[in-house]
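A quick note: this is a predicted structure, and the numbers were derived from the prediction, not measured. A note on names: the letters A, B, ... follow the listed sequences, proteins ahead of strands, and every chain is numbered from 1.
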Amino acid sequence: MPTPVLMPALSPTMEKGNLSKWLKKEGDSVKSGDVIAEIETDKATMEVEAIDEGTIGKILVPEGTADVAVNTPIAVILASGEDKSSIKESGNGAAPVAAAKSAEAKVSAEPKQEAAQPPKLDIAPEADVPAGTEMVTMTVREALRDAMAEEMRRDGDVFVMGEEVAEYQGAYKVTQGLLQEFGARRVVDTPITEHGFAGLGVGAALGGLKPIVEFMTFNFAMQAIDHIINSAAKTRYMSGGQIGSPIVFRGPNGAAARVGAQHSQDYTAWYSQIPGLTVVSPYSAADAKGLLKSAIRSPNPVIFLENEILYGHSFPVPKLDDYLVPIGKAKVVRPGNNVTIVSWSIGMTYALKGAEELAKKHIMAEVIDLRTIRPMDIATVIESVKKTGRLVTVEEGWPQSGVGAEIAARVSAEAFDYLDAPVTRVTGRDVPMPYAANLEKLALTSVNDVVEAAKAVCYR
Amino acid sequence: MAVAKKTQPAQGVSRASEAGAVTEFSKDQELAAYRDMLHIRRFEEKAGQMYGMGLIGGFCHLYIGQEAVVVGMQMALKKGDQVITGYRDHGHMLACGMDPKGVMAELTGRRGGYSKGKGGSMHMFSLEKNFYGGHGIVGAQVSLGTGLAFTNKYRGNDNVALTYFGDGAANQGQVYESFNMAELWKLPVIFVIENNRYAMGTSVSRSSAQTDFSKRGVSFNIPGEQVDGMDVRAVHAAAEKSVAWCREGNGPFILEMMTYRYRGHSMSDPAKYRTREEVEKVRNEHDPIEQVRNRLLQKKWASEDDLKKIDASVRSVVNEAAEFATHDPEPDPSELYTDILQ
Ligand SMILES: Cc1ncc(C[n+]2csc(CCOP(=O)(O)OP(=O)(O)O)c2C)c(N)n1
Ligand SMILES: [Mg+2]
């Protein structure tokens with residue numbers, strides 16, 4: 001029977017792609033592994049390989065077609081002995097079967113749907129952005145890259161180092177173009193040796209340089225955590241103030257999609273415990289840019305926690321020559337007076353969508369983006385709680401000793417009289433991250449969790 | 001050419017005995033190797049296809065091109081020997097005799113998977129088959145595998161722990177901490193370095209000061225050998241020798257397998273760091289399966305028809321696994337909170 005070749009999904013986040021080029025034509029024989037076509041995805045150009053032996057019976061989607069949905073039949077392969085006429089009989093019949101099967105699979109394969117779309121919300125620019133400043137739309141990924149590029153232009157001691165940051169252009173393409181602009185002296189590909197290069201980075205910082213160390217993901221920074229804490233965080237203190245480590249450790253933190261227990265972990269609470277570290281975790285592209293620039297200029301070691309799912313989200317960013325966001329300041333992103341919701345990073349997607357849902361139920365939530373976790377701007381949170389009397393914290397990490405626990409303790413201690421309900425935490429479930437689509441969805445925080453928690457503290 | 005043609009004696013490596021010419025396989029060995037390698041290849045092709053259909057998510061690292069390594073090594077093992085590896089693990093599990101249905105169902109995250117759908121492509125285990133994972137943190141399996149060997153020594157049996165890792169992993173610090181302990185305590189561990197020339201997009205020459213990985217144990221006095229990892233007979237010969245070395249209580253052994261991965265690092269790797277010609281050349285001139293196939297035909301140990309039959313039976317096993325993995329239900333929601341503690 002003729003086998004349909006379907007538009008493949010080549011990354012966990014791909015929904016459609018452009019069929020840029022056919023490398024085989026109708027009638028060409030192929031064996032499994034042969035590259036038959038090139039497609040462009042959201043991140044890169046990829047090759048499609050044949051999976052069966054035979055000849056290309058028919059090309060169904062011509063090259064140059066944009067936005068071909070995943071699982072669309074793009075060609076038909078004939079097995080030996082079959083000729084083109086069999087396509088009409090069974091070829092078209094075969095395709096929908098395969099497509100239907102995977103459509104059913106897709107339902108369960110998209111646990112991140114609700115977090116994947118940034119809510120439509122105009123986030124007011126920083127108070128000190130001059131009125132009339134032009135706003136440009138860019139992704140978090142681009143904002144981070146621009147921040148590094150601007151700081152590298154400004155200061156010759158700033159360099160970036162990590163696995164695949166240079167020639168590969170970054171495993172998640174955050175360092176795209178930096179090698180081309182700054183050269184291999186300042187954009188350094190390392191071997192896979194996190195403990196070693198993190199220590200080397202701290203050593204370079206002690207020596208007076210300003211390293212940006214990229215961890216491919218923060219899961220791998222666990223290999224290096226001794227240097228982050230024992231070497232970077234404590235040296236200023238241990239040297240009586242003589243030597244500091246002006247270093248930024250950055251990379252994606254938290255769960256991506258379907259990558260399992262060892263690759264899906266939120267380290268915010270871990271690092272936020274350490275005196276000597278600054279911990280930043282932005283949500284919007286503007287904050288990503290302004291905070292990363294501030295982090296690079298900081299004389300102290302900064303843990304800069306990004307999020308893979310947010311990399312592709314777009315936000316307005318002020319078009320200014322030198323846009324800085326101060327470290328240690330939270331931001332009221334949505335005003336309201338019934339309940340305060342505090343979050344940061346990807347948690348903000350749940351918080352903001354939750355707030356929208358709650359508004360429909362006439363519960364007006366004030367949403368605060370913490371942005372910096374250490375030092376924590378608890379004053380802004382308390383200010384809000386004085387008005388609302390209720391507080392919900394939202395994070396992807398585990399509940400025990402999480403950031404929400406810290407916020408709850410501080411607010412209870414400093415604003416107990418203003419609280420009309422117990423502080424409530426929305427967190428990831430207290431389990432290692434499962435792989436199965438349905439279990440992963442259950443393990444993660446959700447918009448519904450936020451809505452339910454807010455309703456509960458409002459006694460609704 | 002990237003892949004070494006012959007098993008070479010590693011120079012400057014103490015106690016590495018002369019690696020001889022490739023020992024010919026018997027007809028049965030050739031046929032078994034052919035079938036086992038083809039089984040892995042077809043399984044991986046199917047997995048790639050299912051990933052494209054959205055049935056498999058996250059990271060999925062295919063083993064296509066490297067099949068001779070696990071198949072040749074496994075032929076030298078006996079009951080009780082342990083195997084551990086990283087995330088590129090499907091081939092290792094199939095070679096250990098794990099059920100392709102259970103492996104594929106883990107890839108799709110279903111309840112019939114080896115980890116009940118909780119582990120995924122990178123994290124599978126089978127105590128029954130002595131397969132200890134399935135590890136996502138590059139280099140972690142090296143210390144763990146050394147610990148499995150410690151268990152064997154502690155218990156006083158003559159089992160061997162096969163510890164597989166990549167050329168990229170070979171630069172992690174814990175690898176050398178493990179080498180030192182393994183030799184110091186004469187632990188029966190074979191460090192199988194699968195040198196497929198790249199760690200993600202970084203070629204060996206861009207990551208490694210010493211690119212001859214068989215020499216990485218020199219300062220610890222661990223013998224090492226470079227092996228043509230595309231020739232299953234060479235792998236098998238090296239396996240026999242190193243396994244015997246370990247069973248006799250001589251301590252660890254390093255095998256550097258010169259191999260190649262045909263596909264991208266994972267499914268979402270655009271693979272711009274090497275040319276299509278480079279991949280084609282290895283496929284056309286060194287393919288591990290084609291080599292056996294050609295010998296089988298040349299020696300008239302099998303006809304084209306016989307080989308087609310093998311292919312058909314392998315395909316049907318793989319299709320059955322794919323069917324199972326597509327229709328097996330997802331884990332019960334209550335499984336979210338089980339298996340955390342006993
Ligand atoms: C500690 C750690 N750092 C980085 C990664 C990301 N990563 C996964 S695989 C890989 C490349 C490993 O290459 P190699 O050891 O040669 O094995 P291969 O993939 O070629 O089989 C990297 C950098 C990781 N999983 N763990
Ligand atoms: Mg490799």
| field | CG on B/Leu55 to CG on A/Asn71, rounded to 0.5 Å | value | 8.0 Å
| query | How close do A/Pro434 and B/Leu336 get, heavy atom to heavy atom, and via which atoms? | reply | CG-CD1, 3.8 Å
| said: Minimum heavy-atom separation for B/Pro333 and A/Leu442, please, with both atom names. | reply: CB-CD1, 3.7 Å
| message | A side-chain contact here means heavy atoms from C-beta on lying under 4.5 Å apart; do B/Arg283 and A/Lys31 qualify? | response | yes
| task | Give the member of A/Thr193, A/Asn219, A/Val5, A/Thr190 that has the highest number of heavy-atom pairs under 4.5 Å with chain B. | result | A/Thr193
| Which pair of heavy atoms, one from A/Pro191 and one from B/Asn171, lies closest together, and at what distance? | CB-ND2, 3.9 Å
| task | Could you look at A/Gln223 and say if it's the side chain, the backbone, both or neither that has a heavy atom under 4.5 Å from chain B? | result | side chain
| In terms of heavy-atom pairs under 4.5 Å with chain A, which of B/Arg263, B/Arg315, B/Gln172 leads? | B/Gln172
| request: Kindly state whether the ring of B/Phe59 and the ring of A/His263 have centres lying under 6.0 angstrom apart. | output: yes
| Whether A/Glu164 side chain and B/Gly201 backbone form a donor-acceptor pair below 3.5 Å | yes
| Per-residue contact mode, A/Met222 against chain B (heavy atom under 4.5 angstrom) | neither
| request: Mark yes or no for whether A/Asn438, through its side chain, and B/Pro331, through its backbone, hold a donor-acceptor pair below 3.5 Å. | output: yes
| Contacting moiety of A/Val48, where chain B heavy atoms sit under 4.5 Å | neither
| query | Who wins among B/Gly119, B/Cys60, B/Ser115, B/Gly173 for the most heavy-atom pairs under 4.5 Å with chain A? | reply | B/Gly119
| field | NZ on B/Lys272 to CD on A/Gln169, rounded to 0.5 Å | value | 12.5 Å
| task | Grab the two heavy atoms, one from A/Leu6 and one from B/Met53, that are nearest each other, plus how far apart they are. | result | CD1-CG, 4.2 Å
| Which atoms form the tightest heavy-atom contact between A/Val70 and B/Gly52, and what is the distance? | CG1-O, 3.9 Å
| note | Distance col, row A/Glu167:CD vs B/Thr202:OG1, nearest 0.5 angstrom, shows 8.0 Å
| remark: Rounded to the nearest 0.5 Å, the OH atom of A/Tyr168 sits from the CZ atom of B/Arg206 at a distance of 11.5 Å
| query | Where does B/Ile340 contact chain A at under 4.5 Å (heavy atoms): side chain, backbone, both or neither? | reply | side chain
| message | Using every non-hydrogen atom in the two residues, find where B/Gly109 and A/Arg258 come nearest and quote the distance to one decimal. | response | CA-NH2, 4.4 Å
| task | Would you mind reporting whether A/Glu163 and B/Met200 have side-chain heavy atoms less than 4.5 Å apart? | result | no
| From CG (A/Leu23) to CZ (B/Arg276), nearest 0.5 Å | 5.0 Å
| task | Would you mind reporting whether A/Val35 and B/Glu280 have side-chain heavy atoms less than 4.5 Å apart? | result | no
| said: Quick check against the 3.5 Å criterion: does A/Tyr435 have a side-chain atom that pairs as donor or acceptor with the backbone of B/Leu107? | reply: yes
